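Inspection log for the structure reproduced underneath, given as structure tokens.
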Amino acid sequence: MPGTELSTVKQVADFYEVGEDAIVSIYSRHCDELELDGMCIVKYKELSNLQYESLKTSKGKVTFFFKDGTLLDFPTRGQKVFPRRAILRVGMLLRDSNVAKEVRTQLLNIEEKTSDETKTHDIDEEQSLMLSVGMAVASGDATAVAVASAKLVEFKNRHIQKLENDNKALAEGILEWKDRNKLNAGIRKLAAVTGIHFSKMWNELYKNLQYKYGICVKQRGGTPYIQWIDESEWADVMKTFCAMCEAYEQSPTEMLQQSTPLQNLKQNDKLKGMAALNDLKARRISV
């Protein structure tokens, strides 16, 4: 639901492309687990963060109207809602859902990326660097301490630096609304480097937009669904795309293959300077 991290039974069913009865069956059999994940019953007055345009109260229910034209019927007595962790658990328990199968596959992929071998390698590397710092301190060699400490800091910051570079590019406007037509190239490249069909990659983007931000583009019209995104929602689209890139250990800027506006500006200034220099040479020759 927009403005919250909660979904109704119907929304969870729509996300996994199954009937509501399948979700009811899951939480009936696994109620204790899902309640530990945060599944609970809420009343509409408790949804203080829900981002809606207007609401209409009728007998037994309240209807919320959202900016994108969608609506949500909410019983006045309250209804069961699922936070993200509970939604993921439902995906692990569902059988006849292709989306649930994909969720389970992605969870396994995440586990593979943080396998024992990778963890052990990083732990061993960090311990080795820390040992080097300790030995340098014990030797009393200030230069050796500085060098060893710098290597340890570099190890700890390698992922942070990558994120800072991407965030810098984002701040410079690399992913602006006016460049939205270039998202298709980014999705296709991300699909190519990961070996996932680009249509599935688009579907993952749409599912994440619905799941995280309540943006249900498939309910707004026909394909390509991205055309129904409003400019006010573009920042959420870019956050989702960047999160997908990070999940697959790819750089958003590399996937989009764009130069930042600052780089473009420098390039334009260089071209102008060369043109002015050529003009000056031409004048000297003519004199």
Side-chain angles (χ1 to χ4, degrees), residues 1-20 22-23 26-27 34 37-39 50-51 66-72 81-111 113 175 180 183-230 232-250 252 255:
M1 294 182 284
T4 76
E5 292 190 355
L6 302 173
S7 296
T8 65
V9 172
K10 184 180 185 306
Q11 289 173 326
V12 176
D14 289 343
F15 178 75
Y16 284 116
E17 299 176 353
V18 297
E20 290 183 51
I23 306 301
I26 288 293
Y27 74 64
L34 291 167
D37 292 332
M39 181 189 74
L50 188 63
Q51 298 172 353
F66 300 99
K67 185 178 179 181
D68 62 5
T70 59
L71 55 87
L72 171 67
V81 294
F82 299 75
R84 288 195 293 175
R85 183 180 175 89
I87 294 171
L88 285 174
R89 189 178 295 277
V90 169
M92 290 187 281
L93 296 169
L94 273 173
R95 291 180 298 177
D96 301 323
S97 166
N98 290 329
V99 177
K101 291 176 183 176
E102 182 63 26
V103 167
R104 292 193 287 272
T105 298
Q106 293 303 327
L107 289 173
L108 288 173
N109 288 342
I110 292 171
E111 173 59 23
K113 288 176 184 176
L175 304 175
R180 60 190 180 277
L183 179 61
N184 183 53
I187 290 289
R188 285 182 174 272
K189 184 169 183 182
L190 183 59
V193 299
T194 57
I196 299 172
H197 194 274
F198 73 90
S199 63
K200 289 186 176 180
M201 195 63 75
W202 271 114
N203 195 52
E204 182 177 340
L205 178 73
Y206 297 140
K207 289 289 184 183
N208 284 324
L209 284 172
Q210 177 183 349
Y211 172 53
K212 176 65 177 176
Y213 299 105
I215 300 174
C216 309
V217 290
K218 290 188 176 182
Q219 296 179 11
R220 300 180 184 180
T223 57
Y225 300 116
I226 195 67
Q227 68 179 306
W228 306 112
I229 288 292
D230 186 76
S232 63
E233 299 168 328
W234 188 246
D236 292 334
V237 174
M238 289 295 93
K239 288 176 187 175
T240 303
F241 175 74
C242 291
M244 289 169 58
C245 290
E246 289 301 321
Y248 291 111
E249 298 183 342
Q250 302 298 326
M255 293 301 99

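Along the sequence shown, residues are numbered consecutively beginning with 1. Remember, predicted model here, so these are calculated numbers, not experimental data.
- Distance check, rounded to the nearest 0.5 Å: CG of D37 to CZ of R84 gives 13.0 Å.
- One distance of note links CD1 of I215 with CG of N208; it measures 11.0 Å at 0.5 Å rounding.
- Contact annotation: the side chain of F15 never approaches that of V90 to less than 4.5 Å [non-hydrogen atoms, C-beta and beyond].
- Atom-to-atom distance recorded for Q11:CD and E20:CD is 10.0 Å, nearest 0.5 angstrom.
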Stepwise, does the side-chain contact (heavy atoms from CB on, under 4.5 Å) test hold for D14 with Q210? CA-CA 10 Å; D14 289 343; Q210 177 183 349; 4.2 Å; yes
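- Nearest approach of L183 to M238, heavy atoms of both residues: CD1-CE, 3.8 Å.
- Smallest separation of non-hydrogen atoms from Y27 and M39: CB-SD, 3.7 Å.
- Within the 4.5 Å cutoff, side-chain heavy atoms of Y206 are placed close to those of I226.
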Check against side-chain contact (heavy atoms from CB on, under 4.5 Å), T240 and M244: CA-CA 6 Å; T240 303; M244 289 169 58; 4.3 Å; yes
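- Checked by atom type and distance alone, the side chain of S97 pairs as donor or acceptor with a backbone atom of Y16 at under 3.5 Å.
- Within the 4.5 Å cutoff, the side chain of P252 has heavy atoms near those of the E246 side chain.
- Put simply, NE2 on H197 and CZ on R188 are 8.0 Å apart, with the number rounded to the nearest 0.5 Å.
- Considering only heavy atoms from C-beta on, N184 comes within 4.5 Å of W202 through its side chain.
- D230 approaches R220 most closely through the heavy-atom pair N-NH1, 4.3 Å.
- Taking each heavy atom of S7 and V12 in turn, the nearest pair found is CB-CG2, 3.8 Å.
- Between the CE atom in M255 and the OH atom in Y248 there is a gap of 12.5 Å [rounded to 0.5 Å].
- Taking the side chain as every heavy atom from C-beta outward, N203 and K218 approach each other to under 4.5 Å.
- Closest non-hydrogen pair, A191 versus M201, comes out as CA-CE, 3.8 Å.
- Here the straight-line distance linking atom CD of E204 with atom CG of L209 works out to 11.0 Å at 0.5 Å rounding.
- With contacts defined as side-chain heavy-atom distances shorter than 4.5 Å, the pair F241/I187 qualifies.
- A 4.5 Å side-chain heavy-atom check between I26 and R95 finds every atom pair outside the cut-off.
- In this structure, L205 and V237 approach most closely via the heavy-atom pair CD1-O, 4.2 Å.
- With contacts defined as side-chain heavy-atom distances shorter than 4.5 Å, the pair L190/I196 does not qualify.
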